[in-house]
Amino acid sequence: MQVCYIDESGDTGKFVPEVANSQPLFVLSGIVVDQQFLPEMTCSVIELKRKFFPNHGSLNTHWHDWLKSEVKGSCLRQMLRDGNRDQRRHMMMFMGKIVELLERHHCSILSRVYLKAVHAEFDGTNVYTAAIQHFVTDFKHKLRESGDRGFVILDSRNKIKNVPVSHAIFTQNFSRNHDSYRELMELPLFGHSENHALIQLADWVSSAFLFPMAAIAYYREFETTSIHVRANYELLRQTFGQRLKALQYRYDLDGRKMGGVRILSGVNRKVNPLDIFGEPPTGR
């Protein structure tokens, strides 16, 4: 059985570059993992937090309580953006361990990166629901390839926002003319990130990797005005870009490549979807 954990980064407001904290991106990322690895990966996430961020828990915190002590991806991004040299080095070491964890347990990455247009409205509600439908479709293809079954767990927002997302999958699944999601054991479920180590891992992929990598790749012209676009983010692309590219789940459908990290552009210019991963290493 396989499980897809999904979390988001960024907000659903418009991008106003004159406002320093206005966010140019909205990112949703999924981590697909075989359930046999869940216990080991959960323990690894906790141990990484204890080793690299011991101050997040008191000296008397029980080991199990470290699951609830979150290290937010946005905080990791801030360390790279505003930290001193030692803090940036510390953060990059932690990020390297995250990538190793994903690689060691044969995880797959699915993501949808929405590039906002300047001063344009961004319909976050419809974007989120449509994105989850795409995630479930991609996950369905992965399950079919492996002859497996699975389910999806998303970071919970609130009931008003959660219910329409699962209901959209329900209406598709029980439509006469639709190819049903028979590989899914249940409709998408919602959990709190404090209770799921792999939702926290999905947050790190969305917030600490793909958000800053996309920001520096596609919004470099706003580096002097937006706090979400910083030259230090280039280090992520150079160090981890190609490794994350290799972790994508991609498949062919009617002659097109689907899945993986999708760049959905609302900007008024052509973008290269591979720019988020940086330049591949050149041979000698």
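As a basis for the values below, the full set of heavy atoms in this structure was taken, side chains included, without hydrogen atoms, waters or symmetry mates.
- Ring geometry for H106 versus F37: interplanar angle of 30 to 60°, hence tilted.
- A single hydrophobic cluster is not seen to contain both V163 and Y128; linkage of ILVMFWY side chains at heavy-atom distances under 4.5 Å, directly or through other members, places them apart.
- When ring centroids are compared, F209 and F211 stay outside the 6.0 Å threshold.
- Annotation: side chain of T12 is not in contact with side chain of D123 (no heavy-atom distance under 4.5 Å).
- H62 contributes a side-chain N or O that, together with a main-chain N or O of H64, makes up a donor-acceptor pair within less than 3.5 Å.
- The aromatic rings of F26 and Y114 are tilted relative to each other, their planes meeting at an angle between 30° and 60°.
- A donor-acceptor pair shorter than 3.5 Å can be found between the side chains of E70 and S193.
- Salt bridge annotation for D203-K72: absent, with no cationic side-chain nitrogen under 4.0 angstrom from a carboxylate oxygen.
- Using a distance-only test at 3.5 Å, with no hydrogens or angles considered, a donor-acceptor pair links the side chain of Q200 to the main chain of L67.
- A salt bridge links R220 to E234: at least one charged side-chain nitrogen sits closer than 4.0 Å to a carboxylate oxygen.
- Counting non-hydrogen atoms of other residues, nucleotides and ligands closer than 6.0 Å to NZ of K14 gives a total above 12.
- In this model, no donor atom of one side chain and acceptor atom of the other lie less than 3.5 Å apart for D155 and Y5.
- A donor and an acceptor atom, one from each side chain of S206 and S29, are located under 3.5 Å apart.
- A donor-acceptor pair is defined here as one N or O able to donate and one able to accept, closer than 3.5 Å; such a pair exists between the side chain of S111 and the backbone of L28.
- Of the possible polar contacts, one joining the T129 side chain to the T125 backbone as a donor-acceptor pair under 3.5 Å is found.
- Counting heavy atoms from C-beta on, the side chains of K140 and L184 never come closer than 4.5 Å.
- Among the candidates K142, E183, Q35, R149, the single residue satisfying the side-chain hydrogen bond (donor to acceptor under 3.5 Å, both in side chains) test with Q2 is K142.
- Aromatic rings from F53 and H90 are positioned such that their centres are separated by under 6.0 Å.
- Aromatic ring centroids of F222 and F15 lie under 6.0 Å apart.
- Formation of a donor-acceptor pair under 3.5 Å by the T239 side chain with backbone atoms of L236 is not found in this model.
- For the pair E223 and R230, the salt-bridge criterion is not met [side-chain N within less than 4.0 Å of a carboxylate O].
- A side-chain donor-acceptor contact under 3.5 Å links R250 to the backbone of G259.
- A distance-only check finds a donor-acceptor pair linking the side chain of N232 to the backbone of L80 [under 3.5 Å].
- Proximity of a side-chain donor or acceptor of R237 to a complementary backbone N or O of D275 within less than 3.5 Å is detected.
- Both cation-pi conditions hold for K116 and F122: the charged atom is under 6.0 angstrom from the six-membered ring centre and inside a 45 degree cone around its axis.
- For the residue pair E145 and Y251, no side-chain donor N or O sits within less than 3.5 Å of a side-chain acceptor on the partner.
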Review point. Should R77 and D82 be marked as a salt bridge (Lys or Arg N to Asp or Glu O under 4.0 Å) after you check the CA-CA gap, both sets of side-chain angles, and the distance that decides it?
Key: CA-CA 9 Å; R77 193 167 73 233; D82 301 327; over 6 Å; no
